[in-house]
Amino acid sequence: MLTRLKVKGFKNLANVDLFFGPVTCVAGANGTGKSNLFDALRFLGDVAGEDLVTAARAQRGVYADAQIPQLLFHREGARQTAKIEFEAEMIVPHSGLDEQEREVLATANHLRYRLVLRWRPAEAEVPGRLEIEHEELVPVASRSGANLLHFPHANHWRTSLIHKTDSAAENQKGSFISTGREKGKKVVSLRTDRLPVKPISVLTDGLRATVLSSAPSDYPTAWLARREMQSWRHLQLEPEALRRPVAGQAGSPEERDGEDKALISVWRRVRRSWQLPRDGLEGDGGLEGRLAQRLIDLIDDVQAIRAGFDEETGLTWLEVCDRSGLWLPAHALSDGTLRFLALALQEQDPGAPRLLCLEEPENGLAPQRLPALMALLRALAGDVEDFVDECNPPLQILFTTHAPGLVSTAGIDELLVAELISPGNACFRFPRGSWRKAAQPRLKPLREEDLAPWRIAAPADEGTEEREEAVAVRPGRATRKTALDHPLLPFGEPT
């Protein structure tokens, strides 16, 4: 769970400091920095598993090493910043299963990761390259954990999520990754959780990847932090991919989904996770019943969902039945309905990403249906009023929008508004009354008149009624798997 993110010198994020709760809606006009915020999160996730150049090239518009400083480093006029700084505070799983199915236990799970990068220009025959100037991973002191989680939550939720730092971590001053000097040279050191073990030190000169990215499970806290950052996903729901039928009958031995993005593939994999019979429909408690109930929030005349199979073509697809008894295949559904159904499947997925980023999830939906969408987005996050367990993991949803109708359904505690304080320099402000004011008392909150352009959503009465109904019938989650390497939803590529 990401609780705080600081970014300096990355694209138009010259100097931002953001706090996150379970649900964060980032509103703003085009070009204000919403997508760049997602790019920063993706870059952090990528450097936790890839080398620096590969992570940089995964960014939008970067096709060659020479483009990295121009497209990633903040530029204001003719001046370009010399370095990029990231600092992320996160709560990682206290335990997990490694590649050999061995249990891995962290000595601290409320952590702060800091990474500073610099671009070294080309010299003689040596091309320009990204370099690591500083890298560190340290625990956030458990005694101050309550103060650092500013968003409203129950005490028993926090205590069941954050585990105290044990004496081993305290003995080594809590530094799992640190940067210092040895014999006059700068090194990044990786320390194990258990003492006394000599740390592994790597020279920063010529280092092409973060030390975190190569942390093995023998270094439990660093390994769990790496897996947490790699689990941050930015999903794109592509209607044409969602519509596509796949070969093989649902539940047949030849059924193979792989990385297929089709909606039916997602449904089949989630259904297998539920361990339901192939043809079973277990009333409203079954997967199909819950999906149909969610879809009723969007389309009034839905009564059932199933997998359809054409014996002649050998293709399977997901189809929806209306009250007249007409079955509509996925390729006949609208883009907005497909996206909504895909998110409803995400809600029931035991292997959902711990941080899910979505851009403009309202695309294709009528304004009067946005309260139902907001209720579904909230359901994708964990319940901070209940204990953390397999049925209530600490999941987050972060999404962007420029639709006033969706902003109007978001609460003041869920809203950030992206603005430009100068050309190419973004900032993110919160409404007056938000919990973020206690976290950032020096920042001036948005006044009601500042929010006026976002408060013009039409259906006041109808929207409120739909929202209350959607919350009232919120389906419960399936039991989630504890293994960290559960396959991700295949219906959208990270971008």
Identify the two heavy atoms, one from [X] and one from [Y], that lie closest to each other, and give their separation to 0.1 Å.
{"X": "Leu13", "Y": "Ala40", "answer": "CD1-CB, 4.2 Å"}
{"X": "Ala292", "Y": "Ile305", "answer": "N-CD1, 3.6 Å"}
{"X": "Leu137", "Y": "Ala222", "answer": "CD2-CA, 3.7 Å"}
{"X": "Ala426", "Y": "Val16", "answer": "O-CG1, 3.6 Å"}
{"X": "Pro361", "Y": "Thr400", "answer": "CD-O, 3.4 Å"}
{"X": "Gly433", "Y": "Asp413", "answer": "O-OD1, 4.0 Å"}

* To do: Please test Thr401 against Glu360 for side chain to side chain donor-acceptor pair (under 3.5 Å), starting from the C-alpha separation and ending with a verdict.
  => CA-CA 5 Å; Thr401 183; Glu360 301 171 11; over 6 Å; no

Answer yes or no: is there a side-chain heavy-atom contact under 4.5 Å between [X] and [Y]?
{"X": "Met374", "Y": "Val23", "answer": "yes"}
{"X": "Leu380", "Y": "Leu343", "answer": "yes"}
{"X": "Leu356", "Y": "Phe399", "answer": "no"}
{"X": "Leu398", "Y": "Leu41", "answer": "yes"}
{"X": "Thr409", "Y": "Leu373", "answer": "no"}
{"X": "Val53", "Y": "Arg208", "answer": "no"}
{"X": "Trp223", "Y": "Asp218", "answer": "no"}
{"X": "Leu345", "Y": "Leu263", "answer": "yes"}

Drop me the distance from [X]'s [atom1] to [Y]'s [atom2], to the nearest 0.5 angstrom.
{"X": "Glu414", "Y": "Thr24", "atom1": "CD", "atom2": "OG1", "value": "8.0 Å"}
{"X": "Thr3", "Y": "Phe151", "atom1": "OG1", "atom2": "CZ", "value": "7.5 Å"}
{"X": "Asp386", "Y": "Cys391", "atom1": "CG", "atom2": "SG", "value": "9.5 Å"}
{"X": "Leu298", "Y": "Leu376", "atom1": "CG", "atom2": "CG", "value": "9.5 Å"}
{"X": "His150", "Y": "Trp435", "atom1": "NE2", "atom2": "CH2", "value": "7.5 Å"}
{"X": "Met90", "Y": "Leu2", "atom1": "CE", "atom2": "CG", "value": "8.5 Å"}

* **Chi angles and distances behind the side chain to side chain contact (heavy atoms under 4.5 Å, CB included) call for Phe176, Thr107** => CA-CA 10 Å; Phe176 301 103; Thr107 54; 3.4 Å; yes

For residues [X] and [Y], is any side-chain donor paired with an opposing acceptor at under 3.5 Å?
{"X": "Asn392", "Y": "Asp383", "result": "no"}
{"X": "Glu419", "Y": "Thr32", "result": "no"}
{"X": "Glu385", "Y": "His153", "result": "no"}

* So Arg429 and Leu416, side chain to side chain contact (heavy atoms under 4.5 Å, CB included) or not? Walk me through it. -> CA-CA 6 Å; Arg429 300 172 66 193; Leu416 288 173; over 6 Å; no

* **Verdict with supporting geometry, Leu212 and Met229, side chain to side chain contact (heavy atoms under 4.5 Å, CB included)** => CA-CA 10 Å; Leu212 183 71; Met229 292 169 63; 3.6 Å; yes

Report yes or no: does [X] contribute a side-chain atom to a donor-acceptor pair with the main-chain N or O of [Y] at less than 3.5 Å?
{"X": "Trp327", "Y": "Glu319", "value": "no"}
{"X": "Asn109", "Y": "Ile91", "value": "no"}
{"X": "Asp310", "Y": "Gly314", "value": "no"}
{"X": "Ser160", "Y": "His156", "value": "yes"}
{"X": "Arg269", "Y": "Ile264", "value": "no"}
{"X": "Ser213", "Y": "Ala209", "value": "no"}
{"X": "Asp349", "Y": "Val270", "value": "no"}
{"X": "Asp322", "Y": "Leu326", "value": "yes"}
{"X": "Glu228", "Y": "Leu224", "value": "no"}
{"X": "Ser231", "Y": "Pro353", "value": "no"}

* To do: Report the relative orientation of the aromatic rings in Phe38 and His234; use parallel for angles under 30°, tilted for 30 to 60°, perpendicular for over 60°.
  =>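 Ring orientation, 0 to 90° scale: perpendicular.
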
Below 3.5 Å, can you tabulate the donor-acceptor pairs from side chains in residues 330-340 to any protein atom, sequence neighbours excluded?
{"unit_1": "Ser334", "atom_1": "OG", "unit_2": "Thr337", "atom_2": "N", "d": "3.2"}
{"unit_1": "Ser334", "atom_1": "OG", "unit_2": "Thr337", "atom_2": "OG1", "d": "2.9"}
{"unit_1": "Asp335", "atom_1": "OD1", "unit_2": "Arg243", "atom_2": "NH1", "d": "3.1"}
{"unit_1": "Asp335", "atom_1": "OD1", "unit_2": "Arg243", "atom_2": "NH2", "d": "2.6"}
{"unit_1": "Arg339", "atom_1": "NE", "unit_2": "Leu237", "atom_2": "O", "d": "3.4"}
{"unit_1": "Arg339", "atom_1": "NH1", "unit_2": "Asn363", "atom_2": "O", "d": "3.1"}

* **His74 and Phe10 aromatic centres sub-6.0 Å** =>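 For His74 and Phe10, the ring centres are not under 6.0 Å apart.
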
* To do: Measure centre to centre between the rings of Phe43 and Phe86, then say whether the value is under 6.0 Å.
  =>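 Yes: the rings meet the under 6.0 Å criterion.
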
* Test the Arg354-Trp232 pair against the cation-pi criterion, namely NZ or CZ under 6.0 angstrom from the six-membered ring centroid and within 45° of the ring axis. =>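 The answer is no; the distance or angle limit is not met.
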
I'd like to know if [X] and [Y] make a salt bridge, using a cut-off of under 4.0 Å between side-chain N and carboxylate O.
{"X": "Arg290", "Y": "Glu347", "value": "no"}
{"X": "Asp297", "Y": "Arg294", "value": "yes"}
{"X": "Asp65", "Y": "Arg57", "value": "yes"}

* Could you go through the salt bridge (charged side-chain N to carboxylate O under 4.0 Å, His left out) check for Glu288 and Arg271 one step at a time? => CA-CA 9 Å; Glu288 295 86 346; Arg271 204 167 191 272; 2.5 Å; yes

* Look at atom CD of Glu312 and say whether more than 12 heavy atoms of other residues, nucleotides or ligands are closer to it than 6.0 Å. =>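 Open: at most 12 neighbouring heavy atoms sit under 6.0 Å from CD of Glu312.
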
